[in-house]
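Please read the structure below before turning to the comments.
Computed over heavy atoms, backbone and side chain alike; hydrogens, waters and symmetry mates excluded.
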Amino acid sequence: MRTPVFELHVRPMFRSIDREHMLNILEEFDLWSYDVVKSSIDDILDSVENGRMPPEGKGGPWPAEWIQLLRRWKETGFKRLDLGKGTYEVFNSDGEIELVANFTLPAPGWAGWIQLESSTETTRTYVVYFEPPDVPEEGAGEDIVVSEQFSGVQKLFLRDRDGLRELPIPP
């Protein structure tokens, strides 16, 4: 069975209404923050197991499998994704944009990809993720190339280990 990962499995269980509710009640309690959820895991588990969170009028209790997933995330060591880093090229062919990312993964067994983080009619923001294996392996990581194609975008942003930056789109 796959080890749960915060960004892939845990964070999506907390809806925006859940996050806003907790931010309004307990300032600085952000359910989308890895550090906050990790440090408050016992209180969060107690609340979802006893049906206090989310409240009945705000979505009601979690299904048992969500609670089990959250508990398994805790029991398996709070796995999360790393922000990766690579080199990036952007191509424009008559409005068809292609973002190409070249990565060297840290070690064997790692996975890497670019993921759409947000999008509007004219802007896209991607994030670069590296996922460590459940069992670390020795040796050199492989080089990979990933790409994403889209159209109608005027601004392109990318967030990686070095932060958020705009990638110029060639004419």
Side-chain angles (χ1 to χ4, degrees), residues 1-86 88 99 101 103-121 123-138 141 144 146 148 155-166:
M1 182 178 293
R2 181 176 183 169
T3 299
V5 178
F6 179 76
E7 293 83 357
L8 302 177
H9 306 108
V10 174
R11 182 179 167 204
M13 293 189 300
F14 298 114
R15 303 163 303 157
S16 60
I17 192 170
D18 302 327
R19 180 183 188 223
E20 291 169 22
H21 179 77
M22 293 307 291
L23 281 172
N24 290 333
I25 291 175
L26 302 171
E27 292 178 17
E28 312 254 340
F29 195 89
D30 186 353
L31 290 171
W32 288 359
S33 164
Y34 172 86
D35 293 327
V36 168
V37 174
K38 181 181 176 187
S39 68
S40 304
I41 191 65
D42 291 327
D43 291 336
I44 293 170
L45 276 166
D46 181 57
S47 293
V48 296
E49 287 174 334
N50 293 312
R52 292 190 309 272
M53 187 178 97
E56 191 64 44
K58 304 285 185 187
W62 274 12
E65 42 292 342
W66 287 20
I67 297 168
Q68 291 168 355
L69 178 68
L70 187 62
R71 181 167 297 290
R72 197 159 42 91
W73 178 66
K74 174 189 173 186
E75 291 168 354
T76 56
F78 303 103
K79 188 174 179 183
R80 75 170 311 174
L81 299 177
D82 289 341
L83 287 177
K85 182 172 171 40
Y88 315 104
L99 169 60
F103 308 123
T104 299
L105 298 173
W110 283 68
W113 65 91
I114 53 177
Q115 182 170 314
L116 182 63
E117 185 174 60
S118 64
S119 177
T120 68
E121 287 184 24
T123 303
R124 281 185 174 238
T125 302
Y126 285 89
V127 62
V128 177
Y129 281 128
F130 285 178
E131 181 180 5
D134 289 341
V135 179
E137 300 177 35
E138 295 294 323
I144 63 169
V146 295
E148 188 82 14
K155 290 192 178 262
L156 177 61
F157 296 92
L158 184 128
R159 183 168 57 92
D160 67 6
R161 190 176 340 148
D162 290 340
L164 180 68
R165 68 179 161 284
E166 184 174 357

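- A 4.5 Å side-chain heavy-atom check between Arg2 and Leu8 finds at least one atom pair inside the cut-off.
- At most 12 heavy atoms of other shown residues, nucleotides or ligands fall within 6.0 angstrom of atom CD in Glu121.
- When all heavy atoms of Tyr88 and Ala101 are compared, the pair lying nearest together is CD2-CB, 3.7 Å.
- Expressed to the nearest 0.5 Å, how far CG of Leu99 lies from CD1 of Ile114 amounts to 4.0 Å.
- Of the possible polar contacts, none joining the Lys74 side chain to the Asp42 backbone as a donor-acceptor pair under 3.5 Å is found.
- Aromatic ring orientation, Phe130 versus Trp110: perpendicular (interplanar angle above 60°, classes split at 30° and 60°).
- Residues Lys38 and Asp35 are not paired through a salt bridge, judged by the lack of any N-O separation under 4.0 Å between the basic side chain and the carboxylate.
- If you take CZ on Arg71 and CG on Leu69, they are separated by 12.0 Å, rounding to the nearest 0.5 Å.
- At least one side-chain heavy atom of Lys79 sits less than 4.5 Å from a side-chain heavy atom of Asp134.
- When every heavy atom of Tyr126 is checked against every heavy atom of Glu148, the shortest pair comes out as OH-CG, 2.9 Å.
- Atom CH2 of Trp32 is separated from atom CD of Glu20 by 7.5 Å, given to the nearest 0.5 angstrom.
- Formation of a donor-acceptor pair under 3.5 Å by the Ser40 side chain with backbone atoms of Asp43 is not found in this model.
- With contacts defined as side-chain heavy-atom distances shorter than 4.5 Å, the pair Leu116/Arg124 qualifies.
- Side chains of Arg11 and Tyr34 form no contact here, defined as non-hydrogen atoms less than 4.5 Å apart.
- Going from atom CZ of Arg15 over to atom CE of Met13 covers 12.0 Å, rounded to the nearest 0.5 Å.
- With contacts defined as side-chain heavy-atom distances shorter than 4.5 Å, the pair Val48/Trp66 does not qualify.
- With salt bridges taken as basic N to acidic carboxylate O contacts below 4.0 Å, none links Arg161 and Asp82.
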task: Before giving the answer on salt bridge (Lys or Arg N to Asp or Glu O under 4.0 Å), spell out for Asp160 and Arg165 the whole-Å C-alpha distance, their side-chain angles and the decisive distance to 0.1 Å.
output: CA-CA 9 Å; Asp160 67 6; Arg165 68 179 161 284; 2.9 Å; yes
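- No option in Leu70, Ile67, Val36 other than Leu70 meets the side chain to side chain contact (heavy atoms under 4.5 Å, CB included) test with Ile44.
- What you find for Pro133 and Pro136 is that their closest heavy atoms are CG-CA, 4.1 Å.
- Aromatic ring centroids of Phe6 and Trp73 lie under 6.0 Å apart.
- Looking only at side-chain heavy atoms (C-beta outward), Arg72 and His9 stay at 4.5 Å or farther from each other.
- A search for side-chain contact (heavy atoms from CB on, under 4.5 Å) contacts involving Arg159 returns Leu83, Glu117, Val127, Tyr129, Leu164, not counting sequence neighbours.
- For an aromatic pair to be called close, the ring centres must be under 6.0 Å apart, and Phe14 with Trp62 satisfies this.
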task: Let me see the working for Met22 and Asp30 under side chain to side chain contact (heavy atoms under 4.5 Å, CB included), right down to the final yes or no.
output: CA-CA 7 Å; Met22 293 307 291; Asp30 186 353; over 6 Å; no
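- Here the OG atom belonging to Ser119 is positioned 12.0 Å from the CZ atom belonging to Phe157, to the nearest 0.5 angstrom.
- In this structure, the separation between OG1 on Thr125 and CD on Gln115 is 12.5 Å, given to the nearest 0.5 Å.
- In plain terms, the two heavy atoms of Glu137 and Gly109 that are nearest each other are OE2-CA, 3.8 Å.
- Thr76 approaches Pro4 most closely through the heavy-atom pair OG1-CD, 3.8 Å.
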